[in-house]
Amino acid sequence: EFRFRHNNGRWVFVEALGQNMQDEPAINGHIITMRNVSDRKQAQEQLEWSEDRYQRVANLTSDGIITADQKGFVTSCNQAFLDATGYEVEDIVGKHFTRVPTMARQRMSEYSRIFRNIFLGSRQTGIEFRWTHADGSQRWGKAFTSLVQYRDGTRQLQAILREHLG
C-alpha cells in the first residue's frame, strides 16, 4: 500500500499486486494490478480517530467503564475502573466476565442472568452488586448499563460502575 499521484493531480492511496510473467512468451514481463483504496484508508483513519476520542473521554471520568461482547468477554475498561479495583488491564480485558477477579463468586448466577437479560433487550439500570478489590476487601457498587449495537450487527454491553462508599 502506498500513495500515488493520480493524473488529475490528487494524491490517492493504492494497493498494488505484482506477478512475474517473464516465463509467459506472450507477456515476457511483469503484470502489476493497482486499485484505489483511498476511501477505505480514510474510513480506517476516521475509525481510529473516533476510538481514540472515545478512549480519552472514557479516561477523563472518575466512574469505571467496562465493555463486554455478546459472549461475555471483557473487551475494554478505562483507567478509573483499574484505579478503583486495584487490578491491571491484563487481569480484566480478554477474560469472560465470570472469570474477572472483581466479581463476587457467590452471586455469579444472578450476574449471568442479568447479563443474558440485557442482551435479550431488558433494560437494566442501577444494578447493585458486590465486588472484590485486588487487596481482597469486599465492596459494593452500582452499575448503569446499556446495550450498544454497531452497524455490522455486533452488540456490546457497556457499563458505568460506581462504588458505594457507605
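Reckoned from all heavy atoms, side chains included, excluding hydrogens, waters and symmetry mates.
Ring geometry for His133 versus Trp131: interplanar angle of 30 to 60°, hence tilted.
Although no hydrogens or angles enter the test, the distance criterion places a donor-acceptor pair under 3.5 Å between the side chain of Arg105 and the main chain of Thr98. Put simply, the side chain of Asp91 gets close to the backbone of Glu88: a donor and an acceptor are under 3.5 Å apart. Of the possible donor and acceptor atoms, none in the side chain of Thr145 sits under 3.5 Å from a partner among the backbone N and O of Ala159. Without hydrogens or angle criteria, Ser38 side chain to Phe13 main chain gives a donor-acceptor distance under 3.5 Å. The closest donor-acceptor contact from the side chain of Thr85 to the backbone of Phe81 lies under 3.5 Å. Side chain of Asn78 to main chain of Ile65: a donor-acceptor pair is present (N/O by atom type, distance under 3.5 Å, no hydrogens or angles).
One distance of note links CG of Leu147 with CG of Leu157; it measures 7.0 Å at 0.5 Å rounding.
In summary, the side chains of Asp83 and Gln79 do present a donor paired with an acceptor at a separation below 3.5 Å, with no hydrogens or angles considered. Between the side chains of Thr102 and Thr132, not a single donor N or O lies within less than 3.5 Å of an accepting N or O.
For an aromatic pair to be called close, the ring centres must be under 6.0 Å apart, and Tyr111 with Phe115 fails this.
Within a 6.0 Å sphere centred on CZ of Arg35, heavy atoms belonging to other residues, nucleotides or ligands number 12 at most. Counting non-hydrogen atoms of neighbouring residues, nucleotides and ligands closer than 6.0 angstrom, the CZ atom of Arg10 reaches no more than 12 such neighbours. Around CZ of Arg99, the count of heavy atoms belonging to other residues, nucleotides or ligands within 6.0 Å does not exceed 12. Counting non-hydrogen atoms of other residues, nucleotides and ligands closer than 6.0 Å to CG of Asn20 gives a total above 12.
The two residues Leu82 and Val89 have their closest heavy-atom pair at CD2-N, 3.7 Å.
At least one side-chain heavy atom of Met103 sits under 4.5 Å from a side-chain heavy atom of Met108. Residues Ser146 and Val148 form a side-chain contact, since some pair of their non-hydrogen atoms from C-beta on lies under 4.5 Å apart. His30 is listed as a side-chain neighbour of Gln22, based on a closest heavy-atom distance under 4.5 Å. Put simply, the side chain of Pro101 reaches to within 4.5 Å of the side chain of Ile92, judged on heavy atoms. At least one side-chain heavy atom of Phe4 sits less than 4.5 Å from a side-chain heavy atom of Met34. The closest side-chain heavy-atom distance from Val74 to Ile66 is below 4.5 Å. Here the side chains of Asp135 and Ser137 are in contact, with some heavy-atom distance below 4.5 Å.
Clustering ILVMFWY residues whenever any of their side-chain heavy atoms sit less than 4.5 angstrom apart, transitively, puts Val37 in a cluster other than the one holding Val14. Clustering ILVMFWY residues whenever any of their side-chain heavy atoms sit less than 4.5 angstrom apart, transitively, puts Phe144 in a cluster other than the one holding Ile118.
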Discussion item. Could you walk me through whether Phe97 and Phe73 satisfy the ring-ring contact (aromatic ring centres under 6.0 Å, His included) test, starting with their C-alpha distance in whole Å, then the side-chain angles of each, then the deciding distance to 0.1 Å, before giving a yes or no?
Written reply: CA-CA 6 Å; Phe97 80 92; Phe73 289 91; 9.3 Å; no
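A salt bridge between Glu15 and Arg40 is present, with a side-chain N of the basic residue lying under 4.0 Å from a carboxylate O of the acidic one.
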